[in-house]
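Counting starts at 1 for both ligands and their atoms, in listed order.
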Amino acid sequence: LYELVDYVKRKKKRGIYQEYEDIRKEPPAGSFDYSKKLSNQIKNRYSDVLCLDQSRVHLCQLCDDEDETSDYINASFMDGYKSRNAYIATQGPLPKTFGDFWRMVWEQMVLIIVMTTRVVERGRVKCGQYWPLEEGKAEHHGYFLIRNTHNQLFQDFQLTHLELYNTQSGEKREVSHYLYVSWPDFGVPKSASAMLDFREHVLERRKAAVQNLGSSWRGPPWGPPVVVHCSAGIGRTGTFCTLDICLSQLEDVGTADVHQTVRRMRTQRAFSIQTWDQYYFCYTAIIEYAQRHGKLSPVQWSDSDLETDSE
Ligand code: PTR
Ligand code: PTR
């Protein structure tokens, strides 16, 4: 950890800014052919936020579908800390992709959805309302019926317990939906500590969900992917996942590598982390986490360590 702290102290804000600029200059690590196909273009929320072919999530082809591009959704598998495909990073679903979104959740056995945008921000629609808001309400999307069984309110987020019913097979599953409400797009959460609480909550729930799966689960020990999305699925999604990965690394080996984490992430979800302050936020949140868990004393770290820039 002292390595990380020393690193930040030496680099200061300006050095970290430069580090992010260097990452941004690297060209994308692959092609976007499927995202660009004519019949798929309408499934992208933003024409400039496409997903890499190498890591995209394929929807299973439906036998009654003659359209060969029907396996497309703007979603990418992303590795976690020592865990392959720990996340699926995706855009905020569009009304015409609600059915695809729930199909992906079903097919990938997803049990937890983390949403880091609000549906409307600054008067603009950022994401479709793809789940029922009210307790007891149910909605059909594609082959699925989604029922809101219970809403739990917390200070900065809301946890909704959903029941996902597959109308084709008659099977039913429970899915936890997290909505983080205090994070503007192209910005950073209003406090690192609220974000850390949120991450901890999601982590605990993930562990419990994997335990619940029991012996019926034949996948990796870390369980099915957690779906993480914002509006475009790159800025806030990338920041949340970077933090999650780096904190796991910190817990495991006592230090974290933000730079390599983001570079690697960008080979799976291009353009992850959109602004330099999102990038910088990852560093400061890790340090705050270390302080909170008694791994750093005030002598070893104070916020002024970052400010004395020779600008
Ligand atoms: N008939 C229901 C409908 O299409 O509205 C389908 C359905 C059946 C939905 C069962 C949910 C179900 O789960 P539960 O019985 O637990 O509400
Ligand atoms: N073309 C859009 C824009 O620049 O407004 C793309 C975009 C939108 C990119 C939102 C990132 C965004 O943020 P996030 O990934 O956090 O939703």
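Applying the side chain to side chain donor-acceptor pair (under 3.5 Å) rule to Arg264 yields no partners; only residues at least two apart in sequence or on another chain are considered.
Counting only distance, with no hydrogens or angles, the side chain of Trp102 and the backbone of Tyr130 share a donor-acceptor pair below 3.5 Å.
Side-chain atoms of Tyr20 and Asp277 include no donor-acceptor pair closer than 3.5 Å. Between Tyr279 and Thr242, the side chains place no donor N or O within less than 3.5 Å of an acceptor N or O (distance only, hydrogens not considered). With hydrogens and angles left out, the side-chain atoms of Tyr178 and Thr116 include no donor and acceptor closer than 3.5 Å.
In this structure, His259 has its ring center no closer than 6.0 Å to that of Tyr7.
Using a heavy-atom distance under 4.0 Å as the criterion, the protein contacts of ligand 2 are Tyr46, Asp48, Val49, Phe186, Cys230, Ser231, Ala232, Gly233, Ile234, Gly235, Arg236, Gln274.
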